[in-house]
Amino acid sequence: MDYKYSEIEPKWQKYWREHHTYRCSNNSPKPHFYVLDMFPYPSGAGLHVGHPLGYIASDIFSRYKRLRGFNVLHPMGYDAYGLPAEQYAIQTGQHPAITTEKNIARYREQLDKIGFSFDWEREVRTCDPSYYRWTQWVFIQLFNHYYDKDLDKAMPISHLMELLEKGEVECGGGKPWADMDEGERRDYLMNYRLAYLADIPVNWCPELGTVLANDEVVNGLSVRGGYPVERRLMRQWSLRISAYAQRLVDGLEEVDWTDSLKEIQRNWIGRSEGAAIWFPLAVDQKSNMLPAMQCQMGQMEPIAEPSFEIFTTRPDTVFGVTFMVLCPEHEMIAQITTPGQKAEVEAYVAWAKNRSERERKAEVKKVSGVFTGAFAVNPITGDRIPIWVSDYVLAGYGTGAIMAVPAHDSRDFAFARHFHLPIRQVVAPEPDAVSDPDTWTESMDAKTGYSVNSGFVTGMRVKEAMKAVIDRVEAMGIGYRTVNYRLRDAIFSRQRYWGEPFPIYYKGNRPYTLPEECLPLELPEVGDFKPTANGEPPLGNAAKWAWDEANRRVVETSKIDNSTIFPLELSTMPGFAGSSGYYLRYMDPLNDNAYFSPEAVAYWQNVDLYVGGAEHGTGHLIYARFWNKFLFDLGLTAKQEPFQKLVNQGMIQGRSNFVYRSKEDNNLFVSKNIPGREQNTVPIHVDINIVDNDILDIEKFRQWRPEFAEARFELEDGRYVCGWEVEKMSKSMFNVQNPDDLVARYGADTLRLYEMFLGPVEQAKPWDTKGIEGVFRFLKKLWKLFENRTDAPADKAALKSLHQTIKKVTDDIERFSFNTSVSNFMVCVNELSALGAVSSEVLDKLAVIISPFAPHIAEELYHQLGHDGSVCDAEWPTYDPQLLVEDTFAYPVSFNGKLRLTLTLPAGIGQEEAVAAVKADPIGQKWLDGKEPKRVIFVPKKIINVVI
RNA sequence: GCUCUGGUGGUGGAAUGGUAGACACGAGGGACUUAAAAUCCCUUGUCCGCAAGGACGUGUGGGUUCAAGUCCCACCCGGAGUACCA
């Protein structure tokens, strides 16, 4: 009988479903193991072959762990809220709930065909009220907590209020806490809440009435419509993720991720150590408009306002400061600008304000700026230095003001050159060498070397000088040692429909949270879910979107009276809200009383293995870690880090094929390797489904599109050879491979094996079906091997092959190298086939070890061998080391007076045995040439040297 | 610019410091067949040679080692992340 995958696969899929084979319990004496995939966006395009790559890898690992006796949690769900789902709905003109439902059904159908071992009873969907109820719940907790820097954890806001009440925390609100009324207190607390409402600069398009992402704006105009976009402060919800910056850096030490991904996160968080120093404003006698102030060297009291706080990572270079630069948004600009410079400064600030991020980034090389007319005092040297404004200083980083050290910072240098400002060298490679100005640029940004021309730190190494300056600054009370992070708080509002509603209503313009018991706050129906033109988010169209505080329910918008019935928040949460904590919900997905039970999290702890793309390095993986750490502070999660080990699967790129159309004759197509083809033709994308191994199916090509019906060809060796290129997989390039087609043609097991065989999981690679036949052949051979089996006891050769394979495959799986596992199976089957009829005893174990990779055929064969239960409940076989003793092997290594032979031998072997082994080895015999080995040198491990 | 990765046949890719190129594809040859499909067998890094055999080979140049694709140093080229971040 032939290998009929089309009968076997549905049969066992049905069996697994009916027997709940993959159901996973939270009560098990077995050790736990949690394997998680990044859940997909159910987009309208369905799955392509790139999606299942990571799923197959994690499925193999889950099945393997199960066979090793673990209770494995391996769930799946859908990240169904967010922009892609909404965009698709808008394009097709259907309600996002309907399209999402349809897309999920399609994904599920495709996933089921591949034979994954997901426990579907734990499925979660981020757009399901029973799920987003808990997303909203976490938001309320974030709103009601602040980050206590002394305790270094999140604490209830009520705790902060107590501290303020007792005066243990100083109130910086401009007014003592005791004198504030209820509203003022709430406003003040907003500066502390982990979820807070604040004015944030955004790309606002008045015409479209929405905030746009940076990539939706080009040259100050919206991509869609070409309307002007301005940067504007808008009230938005944000998460104070920056409070966790240090813990997010530290936590990377504890997890088993790739160095590159850890590095991506470290760069993103951007920790830099340095100092904050106040530079006081100098008195300007001419204008006499500025408050007089004192600044003397060595003054011990903090210097009175006004002064500028700057941040620097190089306090040692303070002696080289020749000017200061403020960002255009700096609040003190108007205050300090002299009348003579006023017009110029205002024009510059206005110009800078209207520049988009994009323009600013594109014109990095261009130096621009303006002098304010004001001067500051270098608090260390007492020098008077001019204050400039320039947009190379960013408002969002540090304090938006810098001390410029043009000799040792490339940007300050360019600025100084452009505006003819002085440049003073303060760092040199040698303590006494003061190099000539032209060489400064070479040692620019140098963190090694010595301080020169630098007062009390002259002659010190840079590191010592940094410490000495900070110490002095702290002693003088004009600054302090500090750490800065690049990580910004996460903007959490979206003026969109398809997302989680905020559990927030507004009383007197101040946000209040809904009572927790009233969750979920369900997404209302609206007449029109598209972004609105009148500036309001789509929820502004909802007829029923007001909060009746007394009766604790949602009521008609028209009833808002601002005394008992209040407006609800109109924006929705962003895509990452629902995906930040979904892994926790899988632990206890049906719980109606809590996000998850303490018992569930105590059992599962955290995710042992997380598989997904590295493109989430600066998004989801940061947010989820933040989310988890916050819940940890609340005592809800068991571990600080949510994802212990993380494997990034490489992206599968498309491999496009081209035909070459003659420039003169539109119906003539020239094969790739015909001389002159490059000059005389233009490449055209051709559907990869009508090309086999780069050979074009001419008939199918003619039928493909009407315009090619009359196509003629210039062939080589009677065939048309297509060109190819690696590109993104996309419909427009006709290089999309749909997994269903491959399942139909070769079966799911072949697809699974082939996706693994393609190369290392972590590596990006183009999709190419070239080798799939080889994998298919392998399964047919495997099938045949079982058909020809015998019940006689196993012979030694077969056992050796089996045990070698068990060892290799076990090692391969443990180090996540599935491509070599597949190769090792192929070797094993080839070896066994060559031996003739193989004992069932051997095949029994072979079926088990191959089942994680090709579960359907393994299940079938396992049953054919007479087992009742599923192969999924079998036990992973162990190997017998006795069977694996390696053959003696000798080879010559050098001739320098003496010949050495190196042998690979089992460990623990003695002198005589080694000599005997050399004599027995064919190569050894040849090199000994009848002589006796003189000496055996043992080196560590199993290698020994024999000197002849 | 900085950081991280990687560079091995015609192709995808194997190699705890120990016979480089496993396994697979492709290609060439052969068997079976009226023929095709399917299946099976042989060859396949490069160069020299009829052959036996030999020489050279993991981006380049050095180094460590009895032994280097693997470790160290410098450089070249690709891929990714990030960037007026002070």
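First the proteins, then the strands, lettered A, B, ... as listed; each starts at 1.
The nucleotide whose nearest atom lies closest to any side-chain atom of A/Asn267 is, among B/A86, B/U3, B/A24, B/U3. Of the candidates B/A86, B/C23, B/A14, the closest approach to any side-chain atom of A/Asn830 belongs to B/C23. Candidate nucleotides B/G13, B/G12, B/C84 were compared by shortest atom distance to the side chain of A/Pro760, and B/G13 ranks first. Of the listed nucleotides (B/U3, B/C23, B/U82), B/U3 has the atom at the smallest distance from the side chain of A/Glu263. The side chain of A/Met826 approaches B/A24 more closely than any other nucleotide in the set B/A86, B/A24, B/U5. Distances from the side chain of A/Asp391 to the nucleotides B/G13, B/C84, B/A86 place B/C84 closest. Distances were taken from every side-chain heavy atom of A/Lys770 (C-beta onward) to each of B/U3, B/C25, B/C23; the shortest belongs to B/C25. In this structure, of B/C23, B/A15, B/U5, it is B/C23 that holds the atom nearest to the side chain of A/Val827. Which of B/G81, B/G13, B/A86 sits closest to the side chain of A/Ile264 comes down to B/G81. Residue A/Arg411 has its side chain nearest to B/C85 when only B/G13, B/A86, B/C85 are considered.
A/Asp412 comes within contact range of no nucleotide atom at all, as no heavy-atom separation falls under 4.0 Å. The residue A/Arg815 sits close only to the backbone: its heavy atoms come under 4.0 Å of sugar-phosphate atoms, none of a base. When heavy atoms are screened at a 4.0 angstrom cut-off, A/Arg266 is found touching no nucleic acid atom at all. Within 4.0 Å (heavy atoms only), A/Gln763 reaches sugar-phosphate atoms of the nucleic acid but no base atom. At a threshold of 4.0 angstrom between heavy atoms, the contacts of A/Leu758 are confined to the sugar-phosphate backbone, with no base atom among them. Within 4.0 Å (heavy atoms only), A/Lys262 reaches no atom of the nucleic acid at all. Looking at heavy-atom distances under 4.0 Å, A/Pro766 makes no contact with the nucleic acid at all. Residue contacts shown for A/Ser823 include a base, since a base heavy atom lies under 4.0 Å away. A/Lys781 comes within 4.0 angstrom of the backbone, heavy atoms only, and of no base.
Between the side chains of A/Tyr392 and A/Asp412, at least one donor N or O sits under 3.5 Å from an acceptor N or O. A/Tyr746 and A/Glu773 share a side-chain donor-acceptor pair at under 3.5 Å.
The partner of B/G81 is B/C2, judged by Watson-Crick or G-U wobble contacts that both fall below 3.5 Å. Pair check for B/U58 finds none; no Watson-Crick or G-U wobble contact set falls under 3.5 Å. The nucleotide B/C32 finds no pairing partner, because no Watson-Crick or G-U wobble arrangement with both distances shorter than 3.5 Å includes it. Checking B/U11 for Watson-Crick or G-U wobble geometry (two distances, each under 3.5 Å) identifies B/A24 as its partner.
With respect to A/Tyr754, the ring pair (Phe, Tyr, Trp, His ring centres under 6.0 Å) criterion is satisfied by exactly one of A/Phe778, A/Trp767, A/Phe818: A/Trp767. The side-chain contact (heavy atoms from CB on, under 4.5 Å) test with A/Trp268 singles out one residue from A/Arg488, A/Arg486, A/Glu263, and that residue is A/Arg486.
One interatomic measurement links the two molecules: CD1 of A/Ile652 to P of B/G79, which rounds to 20 Å at whole-angstrom precision. Distance A/Lys765 NZ to B/U5 P: 18 Å, rounded to the nearest Å. In this structure, the CZ atom of A/Arg314 is 11 Å from the C1' atom of B/A86, given to the nearest Å. A straight line from CZ of A/Phe413 to C1' of B/G1 spans 16 Å, rounded to a whole angstrom. A/His330 places its NE2 atom 17 Å from the P atom of B/A86, with the value rounded to the nearest Å. Straight-line distance from the NZ atom of A/Lys4 to the C1' atom of B/A38: 15 Å, rounded to whole Å.
The side chain of A/Arg486 places an N or O atom within less than 4.0 Å of a non-bridging phosphate oxygen (OP1 or OP2) of B/A83. Between B/A38 and A/Lys780, no contact under 4.0 Å exists linking OP1 or OP2 to a side-chain N or O. Under 4.0 angstrom from either OP1 or OP2 of B/C40 there lies no side-chain N or O belonging to A/Arg777. OP1 or OP2 of B/A14 lies within a sub-4.0 Å distance of a side-chain N or O belonging to A/Asn819. Between A/Asn648 and B/A80, a side-chain N or O to OP1/OP2 separation shorter than 4.0 Å is absent.
Sequence order on RNA chain B of the closest nucleotides to A/Leu261 and A/Gly270 puts A/Leu261 first from the 5' end. The residue among A/Gly759 and A/Gly771 whose nearest nucleotide of RNA chain B lies closer to the 5′ end is A/Gly759.
For the pair A/His408 and A/Gln425, the minimum side-chain heavy-atom distance is below 4.5 Å.
Relative to the ring axis of A/Trp257, A/Arg266 does not place its NZ or CZ within 45° and under 6.0 Å from the centre.
For B/G9, the base adopts the syn conformation, since its glycosidic angle falls within 90 degrees of zero.
As rounded to the nearest Å, B/A74 and B/C84 have P atoms that lie 29 Å from one another.
Between A/Phe576 and A/Tyr623, the ring-plane angle classifies as parallel under the 30° and 60° cut-offs.
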**Request:** Could you please spell out the steps behind the ring pair (Phe, Tyr, Trp, His ring centres under 6.0 Å) verdict for A/Trp388 and A/Phe419?
**Result:** CA-CA 10 Å; A/Trp388 286 67; A/Phe419 291 108; 4.6 Å; yes
